[in-house]
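Just so you know, these numbers come straight off a predicted model, no measurement behind them. Note that these values count all heavy atoms, side chains included, but never hydrogens, waters or copies made by symmetry.
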Amino acid sequence: MLGLFGMFVLALTPIIWLVIALCGLHIEAWKASLGALAVAIVVAAIGWQMTAVNIATAALEGFAMALWPISLVIIAAVFTYNVTVHTAGIETIKAMLCSVSADKRVLVLLIGWCFGAFLEGMAGFGTAVAIPASMLVAVGVAPIEAILACLIANSVPTMFGSIGIPTTTLASITSMDPISLATTQTIQAIPFIVACPILMVMLVGGGPKGLKGVLPITLVAGVSLAAAELAGAMFIGPNLAVVVGSVVSLFAVFAFAVATRGNDVPEEYRLANAQHTEGFGAPVLQIILAWSPFILIFILLLVTSKLFPAIYGPLSSISTTLNIYQGDPTATLTFVWIDTPGILIMICGIIGGVIQGCSVREMLGVLKDTCAQMSKTVLTMLGVLAVAKIMGYSGMIASIAAFFVALLGGFYPLVAPLLGALGTFVTGSGTSSEVLFGNVQLHAAETLGDDPMWLVAANSLGTSAGKMISPQNIAIGCAACGLAGKDGEILGQIAKYAFGFAAAMAVLVYVGTLVLG
């Protein structure tokens, strides 16, 4: 057992370095991830006798995966969002959302929950906290309440953020079917999806009393997103799962709010700054133009999915399969050149920009600024993916899993979501957490004889709890709402929600493992 523990600690050193560098030394994520890569290289060579050629080609495979499709999707998604900001389309969207009610509980659902989930599904990387939270503050919600509500809302969509990149990455590194994995993830997340809007309303409403009069619309917000996300995961896959859910929930909550507009709003929940109008806050054509990039993305990703095999088949066949890692000739990586979300989103972003009157020069400027904005994120992805590949191919992942299994045995599923939460708390990224711990879950499941899909999906479930208390996410919310320096106060208040989620997730995953046999 001592030898097993020693190998476990040695294998964990790249992750231990990340924890110390990010949380203790407050080193930037891209520098910390490159430092973790250096640690992984040394440990793999000394502890697992991995050859220089195998280390280099394992890292190269990680770099390749980080660039295509992950970084491509990141840049394309944020570019599309930035184009909408540049053309002021986002202001039209804001006006539309704020026009429906003067009740802050309803606006928290509409903006923080529905629109926040949509932004996470389309762009991610902090937009789903910064934009909704700042909008809520603008209409009169207290800044701390706005940030806390948006942190809760941003939890469960994390696994499908940025057009499903965390889940597609997890499916790729574990060789699992993306649609089956997305379906399992959503099934696990359903109780928490329904719970989030309830917690948000209670938070801004002063406790359970805040649900009075708005419980029906609160349940509509959660149940509609959960049901639509499950359908999206089952029939389309991870790319559009939360986007489908958020769009359906947005329409459902908006329609419900419009239908109940005449109801009196209790004075304690009435927002004086909310521009409650009988219309949509802007002309219909202007609203359609503002939403056009996102509408195009939704349509194009849908028609190129497996739902339309006549289109999906030919486009997805335009690909190249390579063996980069030299230690295993069967370890291949496939690059799809056209039917990949990054290319499709970029096309939609450009067309959407043209529709909104953005010139070619302006779009090139936005693209240049976006690449600069996301450059450190790309470097972080390069480092983390290379670390994961080296840890996987060397046997370090297997050593981590072996220790957990030996220590916990059949109780291992209790910690499965906690690992996912830890990875996201440390890195601020659901994708990074999937890369760091996805194969740990797979190895543990195979060793214990548990359902691999269930335990791998549990890692994604855990990212939801970790995202709530991620220092990066909290910092983004504070900066957007003018509360710089209040990070500690926000962390202290959001922690009870995150820890509650983590405990409930651990029980759910463990019970699910017993049920699945």
Side-chain angles (χ1 to χ4, degrees), residues 1-21 32-67 70 169-176 322-334 379-407 412 415-416 419-420 422-423 426-427 429 431-448 452 455-456 459:
M1 187 68 178
L2 185 60
L4 188 62
F5 177 72
M7 295 301 285
F8 164 74
V9 173
L10 190 60
L12 270 184
T13 48
I15 298 171
I16 293 172
W17 158 254
L18 277 177
V19 174
I20 294 172
S33 66
L34 294 179
L37 175 57
V39 173
I41 289 171
V42 172
V43 171
I46 296 175
W48 280 263
Q49 289 77 52
M50 198 176 188
T51 66
V53 170
N54 286 351
I55 289 174
T57 52
L60 185 59
E61 182 177 312
F63 291 156
M65 182 181 288
L67 290 173
I70 296 174
T169 302
L170 181 61
S172 178
I173 65 174
T174 57
S175 300
M176 288 186 167
L322 300 175
N323 170 232
I324 298 176
Y325 175 60
Q326 295 302 295
D328 182 1
T330 65
T332 58
L333 195 61
T334 299
L379 287 173
T380 301
M381 288 294 104
L382 287 169
V384 170
L385 264 294
V387 167
K389 288 296 182 180
I390 290 172
M391 290 179 69
Y393 284 131
S394 66
M396 293 160 71
I397 292 292
S399 295
I400 294 171
F403 175 78
F404 274 126
V405 170
L407 180 67
Y412 172 83
V415 304
L419 290 178
L422 173 64
V426 171
T427 66
S429 165
T431 302
S432 297
S433 181
E434 308 289 32
V435 171
L436 291 174
F437 295 116
N439 274 318
V440 173
Q441 313 285 13
L442 179 62
H443 278 281
E446 291 172 345
T447 302
L448 291 168
L455 281 191
V456 169
N459 198 80

Q. Where is the tightest heavy-atom contact between G420 and Q441, given as atom of each residue plus distance?
A. N-NE2, 4.5 Å

(Q) What's the separation between atom CD1 in I390 and atom CG in L60, rounded to the nearest 0.5 Å? (A) 10.5 Å

Q) Judged by atom type as modelled, is there a donor-acceptor pair below 3.5 Å linking the side chain of N323 to the main-chain atoms of D328? A) yes

Q: Drop me the distance from F437's CZ to S432's OG, to the nearest 0.5 angstrom.
A: 11.0 Å

Q: Kindly give the heavy-atom pair with the smallest separation between W17 and G35, and that separation in Å.
A: NE1-C, 3.4 Å

Q. At their closest point, which heavy atom of L37 faces which heavy atom of G383, and how far apart are they?
A. CB-O, 4.4 Å

Q. Checking N439 side chain against I397 main chain: does a donor-acceptor pair fall under 3.5 Å?
A. no

Q) Roughly how far, to the nearest 0.5 Å, is the OG1 atom of T332 from the CD atom of E61? A) 8.0 Å

**Q.** Donor-acceptor contact below 3.5 Å, side chain S399 vs main chain G395
**A.** yes

Q | With sequence neighbours excluded, residues passing ring pair (Phe, Tyr, Trp, His ring centres under 6.0 Å) with Y393 | A | Y325

(Q) Measuring from atom CG of L436 to atom CD1 of I400, what distance do you get when rounded to the nearest 0.5 angstrom? (A) 9.0 Å

Q. If you round to the nearest 0.5 Å, how far is CG of L385 from CD1 of I173?
A. 8.0 Å

Q: Check the pair L10 / W48 against side-chain contact (heavy atoms from CB on, under 4.5 Å), numbers first and verdict last.
A: CA-CA 10 Å; L10 190 60; W48 280 263; 3.8 Å; yes

Q. For residues N54 and Q326, is any side-chain donor paired with an opposing acceptor at under 3.5 Å?
A. no

**Q.** Closest contact, heavy atoms only, S433 versus N459
**A.** O-ND2, 3.4 Å

Q | Inter-residue atom distance L333.CG - K389.NZ, 0.5 Å rounding | A | 6.5 Å

(Q) Quick one, F404 with L419, criterion side-chain contact (heavy atoms from CB on, under 4.5 Å). Give me CA distance, side-chain angles, the key distance, then yes/no. (A) CA-CA 11 Å; F404 274 126; L419 290 178; 4.0 Å; yes

